[in-house]
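So you know, we letter chains A, B, ... as the sequences are listed, proteins then strands, and number each from 1. Quick caveat: nothing in here was measured; it's all calculated off a predicted structure.
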There are 2 protein chains.
Amino acid sequence: MARSYDDSVPDRHSLAEIEQAMFAHVGDLSVNLPAANAVSTLYRAANAVRSHLTNTVLRGYGLTWTGFVVLWVVWIWDGLETRHAAESAGISKATLTGVVKTLEGQGWITRETSDVDRRLVNLTLTASGAAMMQELYPAFNAAEADVVSCLSTRALTDLTRSLRLMVASLEGTSLERTDSRRHIEPARGA
Amino acid sequence: MARSYDDSVPDRHSLAEIEQAMFAHVGDLSVNLPAANAVSTLYRAANAVRSHLTNTVLRGYGLTWTGFVVLWVVWIWDGLETRHAAESAGISKATLTGVVKTLEGQGWITRETSDVDRRLVNLTLTASGAAMMQELYPAFNAAEADVVSCLSTRALTDLTRSLRLMVASLEGTSLERTDSRRHIEPARGA
DNA sequence: ACCGAATCATTTGGGCCCGAACAGTAGTCG
DNA sequence: CGACTACTGTTCGGGCCCAAATGATTCGGT
């Protein structure tokens, strides 16, 4: 190595160092540290999981995380309309259009406009798409299990419950103001 | 409304319905449901938080989530080299280059190559950038607190600890194979 | 003093991501 | 029937995202 990696400016920051730096900039009183820690760790963990599963499992099939999620919801529900697929996958309809175009070009999925309502578009897995999911999902699920293997059963259920609470409070108050009582869509896997 | 939103195909899926659909496709025995639930809920929660904070706090300043995170780490450490900024922000150096270009164009940040090592580039907040963060961060932190207000103090610390465990086990084994003993960078706010 | 290896930031190319604007389709109500 | 309204999926524009390749710079060893 060209350098020992620990001599220059701050690289490895302890929590105490970060707290001190924060206090120096924002003032000791008015900062909610546990909330800041939780949010940043949450986002970092989600990206770490996504990145890990993508690189270890999905990349071999030429799939992205989002592409896989879309395939998954279409697979599990034996076909889906675009609007439901977008909601279940947790992405916007605009994004879904592009992702489906990619998956369609890869031959995993087909798109056909509905006969009864010509506004709708039905998504269905191709034969090779279904076969691929049947082979891929067990490996993906095993990798999921591996990712959470560092947590006890109790810690895992607590984690999921807390996260679900946050999702419920956020998705209940954010968008979709047209129907005040908004349902909670658990997305894939739950 | 044109339709009652609840009559057509499957939209509101209960957990039991999803489990049943999964079993029908993957086989009852070999699926780790708690792990799948945890991973999907984790990712969905992270995106919900990101989306909420972006729309309620950041959008008013013309900032994206990633742009804000980069500004934050540069702010809190009184300037940073790009490699450290990328790692602290949890994004690749390639992504950072583009984000910094955006922030530079908006006048929040400046870029200048180091004198002692001309490969390095130092990032510093402009005067207006520092002033903006001083005004913005309290609002952002308040929104963070609001997002986790549905959890008890105990649940929040447990959540953060579990997530940190996952991050540690993932970032310790994923990339950066050059230095086998990799440190754990807590990112912003932690 | 040189040369090869390591490290840095950037560019390139392909894909995801969303809000806003859009055109097409369906239901409603006079 | 003919507006009017609501809902559909798509397109557009701008930004984020990363792996791989590139060019510049530095370090270590000879």
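Counting any heavy atom pair closer than 4.0 Å across all strands shown, B:Ile91 reaches sugar-phosphate atoms only and no base atom. Within the nucleic acid shown, A:Thr82 comes within 4.0 Å of sugar-phosphate atoms alone, with no base atom in reach, counting heavy atoms only. A:Thr102 comes within 4.0 angstrom of sugar-phosphate atoms only, judged by non-hydrogen atoms across all strands, and of no base. Within 4.0 Å of A:Thr95, counting heavy atoms only, lies at least one base atom of the nucleic acid. Among the atoms of the strands shown, base atoms are found under 4.0 Å from some heavy atom of A:Ser92.
Shown here for A:Gly107 and A:Thr126, the closest heavy-atom pair between the two residues is O-OG1, 2.7 Å. Pairing each heavy atom of A:Val99 with each of A:Gly67, the nearest pair is CG1-CA, 3.9 Å. Of all non-hydrogen atoms in A:Trp108 and A:Ser128, the two that sit nearest each other are CZ3-O, 3.8 Å.
Between A:Arg119 atom CZ and C:dT25 atom P there is a gap of 10 Å when expressed in whole angstrom units. Taking atom CZ on B:Arg83 and atom P on D:dC18, their separation rounds to 19 Å, with Å as the unit. In this structure, the NE2 atom of A:His52 is 16 Å from the P atom of D:dC18, given to the nearest Å. Going from atom CG of A:Leu63 over to atom C1' of C:dG15 covers 13 Å, rounded to whole Å. If you measure from atom CH2 of A:Trp65 to atom P of D:dC16, you get 22 Å, rounded to the nearest angstrom. For the pair B:Glu87 CD and D:dC18 C1', the interatomic distance rounds to 16 Å; values are reported in whole Å. Protein atom CG of A:Asp115 is 18 Å distant from nucleotide atom P of D:dT8, rounded to whole Å.
Both A:Asn47 and A:Arg111 lie close to DNA chain D; mapped to their nearest nucleotides by heavy-atom distance, the more 5′-ward contact belongs to A:Arg111. Between B:Val99 and A:Asn55, the residue anchored closer to the 5' end of DNA chain D is B:Val99, taking for each the nucleotide with the nearest heavy atom.
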Checklist entry - Which is it for B:Trp65 and A:Tyr43 under the ring pair (Phe, Tyr, Trp, His ring centres under 6.0 Å) test, yes or no, and what are the steps along the way? => result CA-CA 11 Å; B:Trp65 172 274; A:Tyr43 195 71; 5.0 Å; yes
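Checking A:His25 against B:Asp78 by side-chain atom types alone, a donor-acceptor pair falls below 3.5 Å.
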Collect all protein-nucleotide pairs involving nucleotides 11-14 of chain D in which both atoms are nitrogen or oxygen and the distance is under 3.5 Å.
from, atom 1, to, atom 2, distance (Å)
D:dT11, OP2, A:Lys101, NZ, 3.1

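Residue A:Glu112 places its CD atom among 12 or fewer non-hydrogen atoms of other residues, nucleotides or ligands, all under 6.0 Å distant.
Once rounded to the nearest 0.5 Å, the distance linking CH2 of B:Trp75 with CG of B:Leu136 reads 8.5 Å.
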